[in-house]
Amino acid sequence: MMNVFVLDKDHKPLMPCGPARARKLLKAGRARVHKLQPFTIRIVDRSLADSVVQTVVVKVDPGSKETGIAVVREDEEETHHALYFINLKHRGAAIRDALTSRRQLRRGRRRRNLRYRAPRFLNRSKPKGWLPPSLQHRVDTTLSWVNRLRRLAPVSGIAQELVKFDTQRMQNPEISGVEYQQGELAGYELKEYLLEKFGRRCVYCAKSGVPLNVEHIVPKARGGSNRLSNLAIACVECNQKKGAKPIEEFLKGRPELLACVRKQLKTPLHDAASVNATRWALFNALSATGLPVRTGSGALTKFNRHCFGVPKEHWFDALCVGRINGVSYDSCMKVLNVSCTGRGTRTDKFGFPICHFMRTKRPHGVGLGDLVRMTVQNGKHPGIWTGRAFPSNDGSVVLILPEFRIKGRARNCSILSLSDGYGYRLIDSETAKPTSFGK
């Protein structure tokens, strides 16, 4: 079960209602379907002046890969009643990989026997508060959904979990005092520290008395960082032989050495670093909406979750953000899983185009990413199917469903909603299992 957003006849937001109430309004002709995702109806015979709205708050639990959003109703006793849950899945990793690939391709073109392209650097200034595109994407998509919910519900406030991760304590919970202040490299240079740590021997072949290089155990081409725990000492031959191979592939057949090298690695901190970098940018963006923004620490969210017996999920964390006296939610409530799909690519791994733009953006009236209902009469999967459309100029349309693909014709498709750059799917709130698609 999911609540339904309601608009008045002038497209002003009213209080959400239950699905049974929405069905009665639609059946009686008093409402029209305004939007499919999130499902919204528009009442044709009522205005905001004739209605009573309550205090509605949008609560955000920001994360690196996923952000939980909860739309709640706040009563006089500061108990928050859940009205709607959203799990927003970001694509920051895909953006980072795309930018890395573009940078490598440009460097490769400069080395080939092509028209000379002078390298550009130190000639493009960055504004104050600049964030990398992979991190700015998290801020922009979260803000975009908060603004969208403001158009669908009478939102009067925003709550954000303003969490900060202590990366040193995440690696060593017992660190304290001078060790906490100085760090592991106190009194050493990086390479000298690595030489002392590994006994001035190659970590792979144990050679000594030969030139030694600083080696990335997890290659930078595969997402490895320059953190000390990801660095080792290797001879030139082993360093070049390993290249960008994963450590598991390079040490295949040598499990003892692989286990020894893995002991040097520590838990990656990409997710914690991204949350730390974007927390104030998101707060400033939410404050710019003009609504009051309340904040709460991660410890307070955890305390509320344990105090009220709420499961550990992103949307439940959003429900428990801030100072509250209680929470209320329906255990059968569905969660709208929103995935940032992007706009696709038209180049191969070498940067050359693999296709050409179609002459029309919407061939035969169907656009890329539109939500359509297709009628299939023949083939392996006859029936009526709903999914995202991938059209072609010849009039064929492909629907990619979680289990399989279905191909049909554009004339047999009816458009339910236009593409907006997101993919939608319903999941259970407590089990986090996807709701199966059917005929």
[X] side chain to [Y] main-chain N or O, any donor-acceptor pair under 3.5 Å?
X      : Y      : result
Lys35  : Phe5   : no
Asn87  : Asn337 : no
Asp370 : Gly367 : yes
Arg254 : Tyr204 : yes
Thr141 : Arg138 : yes
Arg150 : Val146 : no
Asn325 : Glu77  : yes
Thr301 : Ser297 : yes
Lys245 : Pro219 : no
Lys12  : Leu48  : no

May I ask you to check whether over 12 heavy atoms, not counting those of [X], lie within 6.0 Å of atom [atom1]?
X      : atom1 : result
Arg200 : CZ    : yes
Arg388 : CZ    : yes
Arg148 : CZ    : yes

Carboxylate-amine/guanidinium proximity below 4.0 Å for Asp317 and Lys312
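Yes.
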So, are Glu249 and Arg222 salt-bridged, with charged N and O less than 4.0 Å apart?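 Salt bridge absent between Glu249 and Arg222.
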Any donor-acceptor N or O pair under 3.5 Å, side chains [X], [Y]:
X      : Y      : value
Thr67  : His90  : yes
Tyr422 : Gln37  : no
Ser47  : Asp50  : yes
Thr295 : Gln160 : no

* So Cys238 and Asn213, side-chain contact (heavy atoms from CB on, under 4.5 Å) or not? Walk me through it. -> CA-CA 10 Å; Cys238 290; Asn213 294 340; over 6 Å; no
Check [X] against [Y] and note the closest heavy-atom contact, atom names and distance.
X      : Y      : value
Leu336 : Pro38  : CD2-CG, 4.1 Å
Gly423 : Thr341 : N-CG2, 3.5 Å
Leu371 : Thr386 : CD1-CG2, 3.8 Å
Ser64  : Val275 : N-CG2, 3.7 Å
Arg91  : His137 : N-NE2, 3.0 Å
Arg201 : Ala206 : NH1-O, 3.2 Å

Q | Pair His81 and Tyr329, ring centroids less than 6.0 Å apart | A | no
inquiry  = Checking Trp315 against Leu319 for the side-chain contact (heavy atoms from CB on, under 4.5 Å) test, could you report, in this order, the C-alpha distance in whole Å, the side-chain angles of both residues, the deciding distance, and whether it holds?
reply    = CA-CA 6 Å; Trp315 48 92; Leu319 176 62; over 6 Å; no
Measure the shortest side-chain to side-chain distance between [X] and [Y] over non-hydrogen atoms and say whether it is less than 4.5 angstrom.
X      : Y      : result
Val372 : Leu416 : no
Cys17  : Val4   : yes
Met15  : Arg73  : yes
Val56  : Val72  : no
Arg103 : Thr100 : yes

Exercise for the section: Show the numbers, then the answer: is there a side chain to side chain donor-acceptor pair (under 3.5 Å) between His216 and Asn226? Expected result: CA-CA 8 Å; His216 289 78; Asn226 290 322; 2.8 Å; yes
Test Arg362 against Ile415 for side-chain contact (heavy atoms from CB on, under 4.5 Å), laying out the working first.
CA-CA 12 Å; Arg362 307 182 58 83; Ile415 298 177; 3.3 Å; yes
Checklist entry - Should the ring pair Trp280 and Phe283 be called parallel, tilted or perpendicular, given that the plane angle runs from 0 to 90° and is split at 30 and 60? => result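 Perpendicular, since the angle between the ring planes exceeds 60°.
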**OP:** Could you label the plane-to-plane angle of the Phe85 and Phe316 rings as parallel, tilted or perpendicular, counting under 30° as parallel and over 60° as perpendicular?
**Re:**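 Ring orientation of Phe85 relative to Phe316: perpendicular.
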Would Lys9 and Asp45 count as a salt bridge (charged side-chain N to carboxylate O under 4.0 Å, His left out) here? Give the steps. CA-CA 6 Å; Lys9 62 181 182 180; Asp45 59 355; over 6 Å; no
For residues 291-313, which residue pairs pass the ring-ring contact (aromatic ring centres under 6.0 Å, His included) check, not counting sequence neighbours?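 For residues 291-313: none.
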Distance from [X] atom [atom1] to [Y] atom [atom2], nearest 0.5 Å?
X      : Y      : atom1 : atom2 : answer
Arg323 : Asn304 : CZ    : CG    : 9.0 Å
Asn3   : Met333 : CG    : CE    : 5.0 Å
Arg42  : Arg32  : CZ    : CZ    : 7.5 Å
Asp61  : His314 : CG    : NE2   : 6.5 Å

Start with the C-alpha distance between Thr79 and Ile324, add both sets of side-chain angles, then the distance that settles side-chain contact (heavy atoms from CB on, under 4.5 Å), and finish with yes or no.
-> CA-CA 6 Å; Thr79 299; Ile324 54 179; over 6 Å; no
